[in-house]
Amino acid sequence: MVEFTMPSLGADMEAGKLCEWMVKPGDKVKRGDIIAMVDTQKGLIDIEVFDEGIVEKILIKEGEKVPVGTVMALINDGKAAIPAVEPTQPIVNKITEEKIIEKFIPDQTVHIKASPLAKRIAAENGIDLQTVTGTGEAGAITKEDVEKAISQKSPVSEEVIQVTEKVRIAVAAAMSKSNREIPHYYLATKVDMSNALNWLNEANKQRTVKQRLLPVVLMIKSLAKALVEVPDLNAYWENGLQKKTDINIGFAVSLRTGGVMVPAIHNTEKMTLDELMTTLNDMIPRARAMKLRSSELSDSTVTMTSLGEGSTELVFGVIYPPQVALIGFGSITQQPWAEKEMLGVRPVLNVTLAADHRATDGATGGRLLTLINQYLQKPELL
Amino acid sequence: MTESEIKNTVIKLLKQIAPDKDPAALQPDDNIREKLEIDSFDSLRFIVQLEEQLAVTTPEEDYGKISTLRNLITYIMKKKNEPNA
């Protein structure tokens, strides 16, 4: 039997609200299946399961908010059954605790007469029944009353503000922890992007508009290849340095309304440039719509941020704990460049590293930046 | 397609990419990307949309010709009137 728990989707997450079960007892599940939807500070997240088996029991009801690590369901994987009492004990406590809070709310609204359907629709749409005038029998609130209230509610704007605030709070918590605990050191280097951009230009001529590559995929791939050779920077700092076998680059995506989401690109070093572009085309719009999967939010082993064309030249990041490195790519700008005692103008990219000095020293960080530069000089090999 | 039809389509596409901004308020010579804060990724999405919705293919070397509303519309009109474009 396997316990399916509320996952931690980042150092800043303490609890999550279960919105919807996608499975019921008796359903067969396999690794990677989405079995629940959870509301977190990072939006509504699809939660994946990592085991194969049959859903034995659902322990948390839809609408309940539980701390990270709480057992939410039991999955029968065909292996020896775990003693039934032991794991359920703490769960029961948590559930009752939640129940007390939950009960408190209905008690307040006891005097409001509303049909069960009306109550459910109101809860789903964040409508406070106390603000709704009932037109049903003896002033009871009907489904139509709630629907009217929903239509009168100011469109999405309010919801968007709420989500933006939540993201702001999540970013604030993670970044405060980082600057409080991590002794950062910073390094920077300049990369001549002539080769990379010429190669990209030619490569894109062979492609349809939809298949075109952006310079950022070259940056992602060169970083992934460099990390293979400098594994100390693809790691967590948790009671010492814990190197990670997979290279899952967390790619910072800024939200248009403020805030940032950092979905992971799984096994980045194994992807081709075209696969990376396809991944970005799928992931960036979902990140902006706050529709990411749990594995994308929890599996990053390192973070990269790319400022993109026409933006600032240089970025020194704040590490996302418990990771130990953040690599920043500035915008590519035309700059004077001295080489072989000649002065010319080149497209120049500033690459920076913010790293945890508890985990590594400047020499290690310097090696990473040098390798990134070397890989970007040979884009045909990426 | 008339100039105003093209303009309407362009504004509609820009609104999808920058829903928090008002592309209809763009002045003809405003830099679209700067005004609407569109990054390289969304800029490519917009060019893909131009192809899908208006059947206008923009080679990379022409990116500089579509930076404002005025030259974007001129560019589309020209492409549409070119034989075999």
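To find a chain, count down the sequence lines: A is the first, B the second, and so on, and within it residues start at 1.
- The heavy-atom pair separating A:Ser222 from A:Ile372 by the smallest distance is OG-CG2, 3.7 Å.
- For chain A, the nearby part of B:Glu51 is the side chain; its heavy atoms alone come within less than 4.5 Å.
- Counting heavy-atom pairs closer than 4.5 Å to chain B, the top residue among A:Asn201, A:Asn281, A:Val209 is A:Val209.
- Side-chain atoms of A:Asn373 and A:Gln377 form a donor-acceptor pair, as typed in the model, at a separation below 3.5 Å.
- With sequence neighbours excluded, the residues forming a side chain to side chain contact (heavy atoms under 4.5 Å, CB included) with A:Glu309 are B:Arg33, B:Ser40, listed by chain and number.
- No side-chain donor-acceptor contact under 3.5 Å links A:Arg293 to the backbone of A:Asp46.
- At a heavy-atom cut-off of under 4.5 Å, chain B is reached by A:Arg212, A:Leu213, A:Leu214 from residues 211-219 of chain A, listed in order of number.
- The existence of a salt bridge linking B:Glu37 and B:Lys21 is confirmed by a sub-4.0 Å separation between a basic side-chain nitrogen and an acidic carboxylate oxygen.
- Between the side chain of A:Ser178 and the backbone N or O of A:Ala174, no donor-acceptor pair lies under 3.5 Å.
- The contact list for residues 7-15 of chain B toward chain A, using heavy atoms and a distance under 4.5 Å, is empty.
- Looking at B:Glu52, the atoms closer than 4.5 Å to chain A (heavy atoms on both sides) all sit in the side chain, from C-beta outward.
- Side chains of A:Asp192 and A:Ser194: a donor-acceptor N/O pair is present below 3.5 angstrom, by distance only.
- With respect to A:Arg168 and A:Glu165, no salt bridge is recorded, no charged nitrogen being found less than 4.0 Å from a carboxylate O.
- Qualifying ring pair (Phe, Tyr, Trp, His ring centres under 6.0 Å) partners for A:Phe316, counting only residues two or more places apart in sequence or in other chains: A:Tyr186.
- The environment of B:Gln16 atom CD is dense: over 12 non-hydrogen atoms of other residues, nucleotides or ligands sit within 6.0 angstrom.
- Between the side chains of A:Asp299 and A:His266, a donor-acceptor pair is found at a separation under 3.5 Å.
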